[in-house]
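Whatever order the structure lists ligands and atoms in, that order sets their numbers, starting from 1.
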Amino acid sequence: MKVLTYGATGVQGAPVARRLLESDHEVRVLVRDPSQAGSLSAAGAEVVAGNLDDRDSIFAATSGVDAVFFHLPLVFDRDTGISYARNVIDAASEAGVQLLVYNTSGPVPSEATGILHYDLKRDIESYCREVGLPTIVLRPIGIYMEVLHETGVHASMANRGTLAYPTPAAHRVSWITVEDLAAMAVAALERPDLAGSAFEVGGPDPLTGDELAEKLSAALGYPITYCPVPSKEFAEGLRSVVGDQVAGIVGDSFHLVEESPPDYLAVENAEAIAGEFGVKLTPIDDWAATRDWMSRAADSSR
Ligand SMILES: NC(=O)c1ccc[n+]([C@@H]2O[C@H](COP(=O)([O-])OP(=O)(O)OC[C@H]3O[C@@H](n4cnc5c(N)ncnc54)[C@H](OP(=O)(O)O)[C@@H]3O)[C@@H](O)[C@H]2O)c1
């Protein structure tokens with residue numbers, strides 16, 4: 001099978017491209033800058049230059065593929081997000097692909113929220129249905145474990161012994177690794193019989209803040225406590241690091257979580273759903289045990 005993979009230089013798309021290549025599929029990746037895709041090319045991917053804002057490049061990249069993996073990169077206005085997604089979906093429709101696997105990269109509320117980041121994901125799902133494109137939607141409800149390894153989050157653990165994060169302490173979160181999500185995406189690409197379905201996916205154990213801190217303490221080798229940070233304060237702290245727009249999106253997203261029931265980011269039957277795709281989910285202890293926290297600590301102290 002020949003699969004077009006978007007975002008293959010990013011955190012979420014890279015493991016999908018790698019796993020497809022390992023499964024002996026043909027992989028075409030659309031990248032904005034092919035000079036940054038040397039490792040993908042060396043691994044056997046066909047690298048094509050394009051941009052989600054360039055409809056012609058998307059149609060050209062989709063020609064001749066059997067299936068497509070897509071997730072939306074961060075965007076800051078509705079028109080941009082919708083036009084990116086329409087380019088992908090229209091091109092896949094015209095090319096007659098047998099399946100599009102769409103990773104929403106987060107929860108998709110049942111009702112419109114007025115928050116761009118969430119509502120866009122719903123609008124894209126609707127558009128797939130509207131055009132009749134065979135689609136499997138994967139909605140990761142929990143948060144990616146990988147964010148816990150990012151410098152800022154880790155700095156607070158290493159320097160202050162606190163895991164400062166914007167989910168209320170009592171909220172249960174189904175932390176999931178991008179590798180497990182990628183494994184499900186690759187399995188989904190091989191399941192055209194599931195077209196028309198949407199799956200809420202997550203890690204194996206929904207954890208409260210204290211439970212998360214306890215598991216990470218074991219991997220880090222020193223005790224940490226969970227310190228919930230109000231979404232507004234968390235976003236303020238991020239502004240100087242990631243800029244106003246990204247901090248605004250993070251603040252809005254976590255404000256919705258604060259206002260939602262404590263199980264908003266929890267998936268109760270995650271293992272059964274992953275099992276449908278033949279994937280055994282990685283517990284956070286196992287993931288954390290394989291991270292290099294020592295060099296992260298060195299980065300954090302610089
Ligand atoms: N649930 C969670 O825990 C979690 C965590 C992090 C992010 N997210 C969500 O995941 C989504 C994507 O985040 P991210 O951007 O950080 O993901 P990412 O997978 O790390 O990277 C985005 C990818 O999209 C590509 N890209 C960006 N703009 C493009 C364009 N105009 N045309 C073609 N390719 C383009 C980038 O390629 P280049 O190499 O060209 O830059 C990169 O490969 C967001 O909705 C975000 O909120 C969720």
Side-chain angles (χ1 to χ4, degrees), residues 4-18 28-41 45 47-58 60-62 68-88 91 102-108 115-124 138-150 152-153 165-167 173-182 185 200-203 212 235 238 242-243 245-254 256-257 264-267 284 287:
L4 171 63
T5 304
Y6 290 94
T9 55
V11 174
Q12 298 169 80
V16 173
R18 193 196 72 240
R28 181 181 290 165
V29 296
L30 177 129
V31 299
R32 290 187 289 185
D33 180 358
S35 72
Q36 301 299 312
S39 58
L40 283 161
S41 171
V47 176
V48 299
N51 193 312
L52 288 162
D53 70 8
D54 174 357
R55 195 168 166 89
D56 290 345
S57 73
I58 300 301
T62 314
V68 174
F69 169 77
F70 173 63
H71 71 85
L72 195 65
L74 267 182
V75 294
F76 305 105
D77 66 272
R78 184 177 186 280
D79 289 351
T80 301
I82 289 293
S83 75
Y84 282 6
R86 285 191 176 207
N87 288 343
V88 169
Y102 166 45
N103 167 14
T104 62
S105 304
V108 179
I115 298 174
L116 165 81
H117 190 57
Y118 286 101
D119 292 348
L120 253 181
K121 316 286 172 76
R122 294 180 76 240
D123 293 344
I124 294 170
L138 297 178
R139 301 180 188 142
I141 299 298
I143 304 170
Y144 294 139
M145 292 180 196
E146 283 71 12
V147 302
L148 297 167
H149 203 240
E150 284 171 3
V153 178
Y165 208 69
T167 47
V173 179
S174 292
W175 296 88
I176 180 169
T177 158
V178 292
E179 286 293 340
D180 286 351
L181 186 59
E200 299 203 327
V201 299
L212 172 65
L238 275 184
V242 296
Q245 284 185 309
V246 176
I249 286 180
V250 172
D252 287 348
S253 304
F254 282 102
L256 183 77
V257 172
Y264 186 66
L265 296 178
V267 183
I284 200 158
W287 170 83

Out of [options], indicate the one that has the non-hydrogen atom closest to [atom].
atom: atom 1 (N) of ligand 1; options: Pro107, Gly106, Ser105; result: Ser105
atom: atom 29 (C) of ligand 1; options: Arg32, His71, Arg139; result: Arg32
atom: atom 2 (C) of ligand 1; options: Phe70, Tyr6, Tyr144, Trp175; result: Tyr144

Exercise. May I ask you to test the Glu146-Gln12 pair for a side-chain heavy-atom distance under 4.5 Å?
Key: no
Quiz prompt | Student check: side-chain heavy atoms of Ile58 and Tyr6 closer than 4.5 Å | solution = yes
Which atoms of ligand 1 sit under 4.0 Å from any heavy atom of [X]?
X: Asn51; result: 30 (C), 31 (N), 32 (N)
X: Val11; result: 18 (P), 19 (O), 20 (O)
X: Tyr84; result: 31 (N)
X: Lys121; result: 45 (O)

Tell me, please: is [X] in heavy-atom contact with ligand 1, that is, under 4.0 Å?
X: His117; value: yes
X: Leu72; value: yes
X: Gln36; value: no

For ligand 1, is there an N or O atom under 3.5 Å from any N or O atom of [X]?
X: Asp53; answer: no
X: Gly10; answer: yes
X: Leu52; answer: yes

Quiz item: Once the angle between the rings of Phe254 and Tyr165 is folded into 0 to 90°, is it parallel (under 30°), tilted (30 to 60°) or perpendicular (over 60°)?
Solution: perpendicular
Test item: [X] side-chain N/O and [Y] main-chain N/O as donor-acceptor pair under 3.5 Å:
X: Ser57; Y: Asn51; result: yes
X: Ser41; Y: Ala37; result: no
X: Thr5; Y: Ala17; result: no

Quiz item: What are the two closest non-hydrogen atoms of Leu181 and Pro140, and how far apart are they?
Solution: CD2-CG, 3.9 Å
Quiz item: Can you name the nearest heavy-atom pair linking Thr104 to Lys121, along with the distance?
Solution: O-NZ, 3.0 Å
Quiz item: Would a 4.0 Å cut-off, counted as strictly less than, catch a protein heavy atom around atom 16 (O) of ligand 1?
Solution: no
Quiz item: Looking at atom 14 (P) of ligand 1, what's its closest protein heavy atom, distance included?
Solution: Gln12 NE2, 4.3 Å
Quiz item: Would Asp77 and Thr80 count as having a side-chain donor-acceptor pair, cut-off 3.5 Å?
Solution: yes
